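Below is one structure, written out as C-alpha cells; the observations come after it.
Just so we're clear, the structure is a prediction, and the values are computed from it rather than from any experiment. Naming convention: chains lettered A, B, ... in sequence-line order (proteins, then strands); numbering from 1 in each chain.
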Protein chains: 2
Amino acid sequence: MVKFSKKLEYALISLRHISNAGAEVTRVRDISEKYNIPHDLLAKILQKLKKENILDSSQGINGGYTLNRKLNEIPLSELVNIIENSTSIVECMHDEDNNCMITDSCTIKDPLSRIQSEFENILKTKMISDFV
Amino acid sequence: MVKFSKKLEYALISLRHISNAGAEVTRVRDISEKYNIPHDLLAKILQKLKKENILDSSQGINGGYTLNRKLNEIPLSELVNIIENSTSIVECMHDEDNNCMITDSCTIKDPLSRIQSEFENILKTKMISDFV
DNA sequence: ATAAAACCGGACTAATATAGTCGTATTTAA
DNA sequence: TTAAATACGACTATATTAGTCCGGTTTTAT
C-alpha cells in the first residue's frame with residue numbers, strides 16, 4: 001500500500017554515513033560491509049546519487065564519495081524520485097480498445113490520484129536530514 | 001511507493017455498483033461481466049466485505065449482495081485494511097542475530113513510520129462515498 | 001606499471017508480492 | 001433434485017523488486 005523500497009533505505013543509510021564522514025571520502029565498500037548491503041547494488045545507487053549531484057565522487061585508488069549538498073536542503077521526495085520507479089497510484093480500467101469501462105464518469109481515479117498528491121506533498125516537506 | 005492494488009479498485013467499483021442497485025441484490029457475475037473483473041477473484045473480495053459487515057449477502061439461486069453500511073460512514077482506511085496486506089513501511093536492518101545494524105540509535109525507521117501514520121490519517125478522513 | 005577505486009550498461013537470477021484460477025462444499029428458489 | 005448462487009482454501013501465473021554477474025573503461029596514488 002505504502003512502502004519504501006530497500007534501495008531507498010540503502011540510500012538513506014548511505015547518506016547518513018557519508019554525511020557523518022564529513023570531508024573524508026567514503027568508499028562503497030565501507031558502507032556495504034558495515035551495514036551488510038550488497039556491494040554492486042549499493043554502487044549503482046550511489047552512482048545515481050552522484051549523477052543527480054547529491055553526492056560528489058573522486059576516482060582512483062583513494063577515491064570515494066562525499067556529500068555535495070546539505071541534507072537539510074534535499075526533500076525526501078527528491079530522493080524517492082531518483083531511487084524509485086514512479087508508477088501511478090491506480091490505472092484506469094480499460095477494455096480491449098482502451099476505453100474506460102466506467103461509462104458515465106470516472107469518479108474513482110481522480111480522488112485516488114488526489115490522495116497520491118497529498119502523499120507526495122508530505123514527502124516534499126520532509127528533508128533527508130529529518131531521517132538520518 | 002504508494003499504490004493501490006487492483007483488489008482495492010475492484011472493491012470500490014463493486015461498492016459503487018451495489019450502492020447504485022439499492023435494495024436489489026447484485027450477483028458477483030453482474031459486476032464481473034460489466035467491468036471485466038475476474039469472477040473468482042471478485043467473489044473473494046466481496047466475501048471479505050461481507051465478513052466485515054460492509055456487505056450483506058444471501059445465498060441460493062436468487063442470492064447476491066447488498067450494502068449493509070452507508071458508504072459515507074466507511075473510511076477508505078477501513079477498506080484498505082480489509083483488502084490489502086498490511087506491511088510495515090520499512091523493515092529494520094538486522095544482522096544474523098536479529099540485532100539492529102545501526103548501532104547508536106535508529107533515526108531512520110521512526111521518521112519513516114511517522115510518514116506512514118500521516119498517510120493513514122489521510123485515508124481515515126476520506127470516506128468511500130468520496131470515490132464512488 | 002599496478003592496484004584499487006569509481007563508472008557504466010545490460011543481462012541475468014532469485015525472492016517476494018500481487019493477481020488470478022481451480023475444485024469443492026453449502027445454500028436455496030423453483 | 002437441479003441450477004445458480006455464495007463460501008473457502010489451495011494452487012498457479014504474472015509482475016515487481018532485489019540482487020548478481022559480466023565485461024568492461026577511466027582515474028589516480030603509490
Side-chain angles (χ1 to χ4, degrees), chain A residues 1-11 13-14 18 21 24-33 35-66 68 80 83-91 93, chain B residues 1-11 13-14 18 21 24-33 35-66 68 80 82-91 93-94:
Chain A
M1 169 69 255
V2 39
K3 190 161 173 55
F4 293 105
S5 65
K6 281 262 192 284
K7 285 182 190 173
L8 191 83
E9 273 187 76
Y10 296 160
I13 289 167
S14 300
I18 294 167
E24 213 179 314
V25 300
T26 302
R27 297 170 302 161
V28 172
R29 192 151 68 89
D30 297 330
I31 299 170
S32 141
E33 284 179 354
Y35 305 102
N36 242 318
I37 299 171
H39 180 281
D40 290 4
L41 184 59
L42 184 59
K44 286 188 177 176
I45 292 168
L46 297 190
Q47 278 161 30
K48 257 191 185 171
L49 296 181
K50 154 69 205 286
K51 206 184 250 171
E52 302 291 334
N53 290 311
I54 286 176
L55 295 177
D56 209 350
S57 72
S58 53
Q59 290 191 340
I61 193 155
N62 287 335
Y65 292 95
T66 50
N68 194 37
V80 166
I83 302 292
E84 314 229 336
N85 304 332
S86 66
T87 45
S88 118
I89 199 164
V90 65
E91 289 105 63
M93 304 289 300
Chain B
M1 168 71 255
V2 42
K3 190 160 173 58
F4 294 105
S5 64
K6 282 260 193 284
K7 286 182 189 173
L8 191 82
E9 273 186 76
Y10 296 160
I13 289 167
S14 300
I18 294 167
E24 212 179 315
V25 300
T26 303
R27 297 170 302 160
V28 172
R29 194 151 68 88
D30 297 330
I31 299 169
S32 142
E33 282 178 355
Y35 305 103
N36 240 318
I37 299 171
H39 180 282
D40 291 4
L41 182 59
L42 184 60
K44 287 192 175 176
I45 293 167
L46 299 190
Q47 279 159 31
K48 259 189 182 173
L49 296 181
K50 153 71 206 285
K51 205 184 251 172
E52 302 292 332
N53 291 310
I54 286 176
L55 295 178
D56 209 351
S57 74
S58 53
Q59 289 193 339
I61 193 155
N62 287 335
Y65 293 94
T66 51
N68 194 36
V80 167
I82 292 170
I83 301 292
E84 316 230 335
N85 304 331
S86 66
T87 45
S88 120
I89 198 164
V90 64
E91 289 106 63
M93 303 290 298
H94 295 305

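Phosphate contact (OP1/OP2 of C:dT18, side-chain N/O of B:Tyr10, threshold under 4.0 Å): absent. Distances shown here put a side-chain N or O of B:Lys50 below 4.0 Å from the OP1 or OP2 atom of D:dA7.
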Extract from the structure each pairing of a protein N or O with an N or O of nucleotides 28-30 of chain D at less than 3.5 Å, listing the distance.
from: D:dA29; atom 1: O3'; to: A:Asn62; atom 2: ND2; distance (Å): 3.4

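Distances were taken from every side-chain heavy atom of B:Gln47 (C-beta onward) to each of C:dA6, D:dA7, D:dA18; the shortest belongs to D:dA7. Distances from the side chain of A:Lys6 to the nucleotides C:dT18, D:dT6, D:dG19 place D:dG19 closest. Relative to the side chain of B:Val28, the nucleotides C:dA6, D:dT6, C:dG9 differ in distance, and D:dT6 lies closest.
In terms of the side chain to side chain contact (heavy atoms under 4.5 Å, CB included) criterion, A:Asn62 has no residue partners (sequence neighbours excluded). In this view, B:Asp40 satisfies the side chain to side chain contact (heavy atoms under 4.5 Å, CB included) rule with no residue, not counting sequence neighbours. Checked against side chain to side chain contact (heavy atoms under 4.5 Å, CB included), B:Ser57 has the following partners two or more places apart in sequence or in another chain: B:Lys50, B:Tyr65. Every side chain to side chain contact (heavy atoms under 4.5 Å, CB included) that B:Ser58 has, sequence neighbours left out, goes to B:Val25.
The interatomic distance linking A:Arg27 (CZ) with D:dT27 (C1') rounds to 16 Å, in whole Å. If you take NZ of B:Lys7 and P of D:dA15, they are 16 Å apart, rounded to a whole angstrom. Between the CG atom of B:Asp30 and the P atom of D:dA4 there is a distance of 14 Å, given to the nearest Å. In this entry the distance linking CG of A:Leu55 with P of C:dA5 reads 17 Å, nearest Å. A straight line from CD of B:Glu84 to P of C:dA17 spans 13 Å, rounded to a whole angstrom. Rounded to whole angstrom, the span from the CG atom of A:Asn36 across to the P atom of D:dT20 amounts to 11 Å. Rounded to whole Å, atom P of D:dA7 lies 17 Å from atom CZ of B:Arg29. Going from atom CZ of B:Phe4 over to atom P of C:dA19 covers 13 Å, rounded to whole Å.
Contact of the A:Leu42 side chain with the A:Ser14 side chain is registered, since non-hydrogen atoms from C-beta on lie closer than 4.5 Å. At a threshold of 4.5 Å between non-hydrogen side-chain atoms, the residues A:Leu46 and A:Ile31 count as touching. Looking at heavy atoms from C-beta onward, B:Tyr10 lies in side-chain contact with B:Pro38 at the 4.5 angstrom threshold.
For the segment residues 38-46 of chain A, residues with any heavy atom less than 4.0 angstrom from an atom of DNA chain D are, sorted by number, A:Pro38, A:Asp40, A:Leu41, A:Lys44.
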Set out, in order, the CA-CA distance, both residues' side-chain angles and the distance that settles side chain to side chain contact (heavy atoms under 4.5 Å, CB included) for A:Leu49 and A:Asn68, then state yes or no. CA-CA 10 Å; A:Leu49 296 181; A:Asn68 194 37; over 6 Å; no
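Listed for the B:Glu84 side chain is a donor-acceptor partner under 3.5 Å among the backbone atoms of B:Ser5.
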